[in-house]
Amino acid sequence: MSVRALTRASKAIVRDTLAEVAWRVGVSAPSRTCRGELVIATFHRVLPAELRAQYAFPELVVTPEELAFFLRFFREHFTVTTLGDAHRRMRLGERPARPLLAVTFDDGQRDNFEYGKPVLDEHGVKASFYVTVDATEADAPLWHDRVGFAIEGLRRRDPSRAAALLANRPLPVALEEAKRMSTSEREAWVERVESEAGRARPSWDGMMSWDQLRTLHAEGHEIGSHTRTHPILPRCDDARLETEIVGSRARLREELGAAVDTFCYPNGDHDVRVRDVVRRAGYVLGVTTDWGRNPPSVGAYELRRFDIQSETSRGRDGRLSRARLALRFSGLQPGLTGRAG
Ligand SMILES: [Zn+2]
């Protein structure tokens, strides 16, 4: 075993032992660590394991079985409700014995409805779904998925050409670089990747339809805005911000025939100017991708979340672990801060 592998293994032993002990003696119990605070869980896609195995971004996926594990844990230890409701109750000073937790899904993927909703129904959980309006209207994949599908397709046929197309960078690194491009530069890059690798959208991919979103809303789930086109908002000019933030709200209200009060920043990116537009547009809150819980002192337009990933919720034995999940929520685990997903 290399020194690095040994270090990693011993870190995992320390982490799991800490998690188990903290869980057994109750110091990481959410009723203790999250009392009076709002906890927000982030999910993206829900896909069966065999489809996750074909997807370029498996860290964005939980399987229906994994989602059921997370929902059981949430139901046992939290008061689970939509984000709008949870936030309102915290503002009113409610401090339930089981702390408030909201389940959020970003991007509006169709798998949320097909594979996620049955699990939510089974556990009686109402969630908040953040919809990218133009992608919904066109049933079009988001730009990172267009790249992921094209590269994954090419990789299966010709791995070295796929690597060369990304200038031998890992896909996540290439995408991070693309996020720093202007919108038009990025679009040009995505189109070049697609034209060289070939478009390859799998049949299981798609966005939720307006009918599916109306069904979710009618059943008590919350639908919020995730903009029109999923841009990096601080890079947008004022007119574009208006379209993305104000325009998406108007379009969602029109289609759903209901109020749309909550907003989710694409990629978690926001600044003072962006937050001002979100507030003026009439949203009551905005969620980021900053990692952590929300005591009442956290600003309504800078709410933090916990990005829930299967890989970081398992113990060394490979099984999903309540103790590890509780430790992540507790803030007691060293080195777990900053941004996540
Ligand atoms: Zn997103």
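Atoms within each ligand, like the ligands themselves, are counted from 1 in listed order.
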Residues 311-333 vs ring-ring contact (aromatic ring centres under 6.0 Å, His included), sequence neighbours excluded, gives Phe78-Phe329, Phe306-Phe329
Name all pairs fulfilling the salt bridge (Lys or Arg N to Asp or Glu O under 4.0 Å) condition that reach into residues 68-79, sequence neighbours left out, sorted by first residue then second.
-> Glu76-Arg322
Keeping to residues at least two apart or across chains, list the salt bridge (Lys or Arg N to Asp or Glu O under 4.0 Å) pairs with something in residues 240-251.
->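 Only Glu137-Arg251, Arg240-Glu244, Arg249-Asp261, Arg251-Glu254, Arg251-Glu255 qualify under salt bridge (Lys or Arg N to Asp or Glu O under 4.0 Å).
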Just checking, any donor-acceptor pair under 3.5 angstrom between side chains of Asn112 and Lys117?
->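 Short answer, no.
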Provide the protein N, O or S atoms situated under 2.8 Å from the Zn ion (ligand 1); waters are not included.
-> Asp107 OD1, His226 NE2, His230 NE2
Partner of Tyr283 by ring-ring contact (aromatic ring centres under 6.0 Å, His included), out of Tyr265, Tyr130, Phe263, Tyr301 |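 By the ring-ring contact (aromatic ring centres under 6.0 Å, His included) criterion, Tyr283 pairs with just one of Tyr265, Tyr130, Phe263, Tyr301: Phe263.
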Side chain proximity check, His44 to Asp307, heavy atoms < 4.5 angstrom =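 Yes, side chains in contact.
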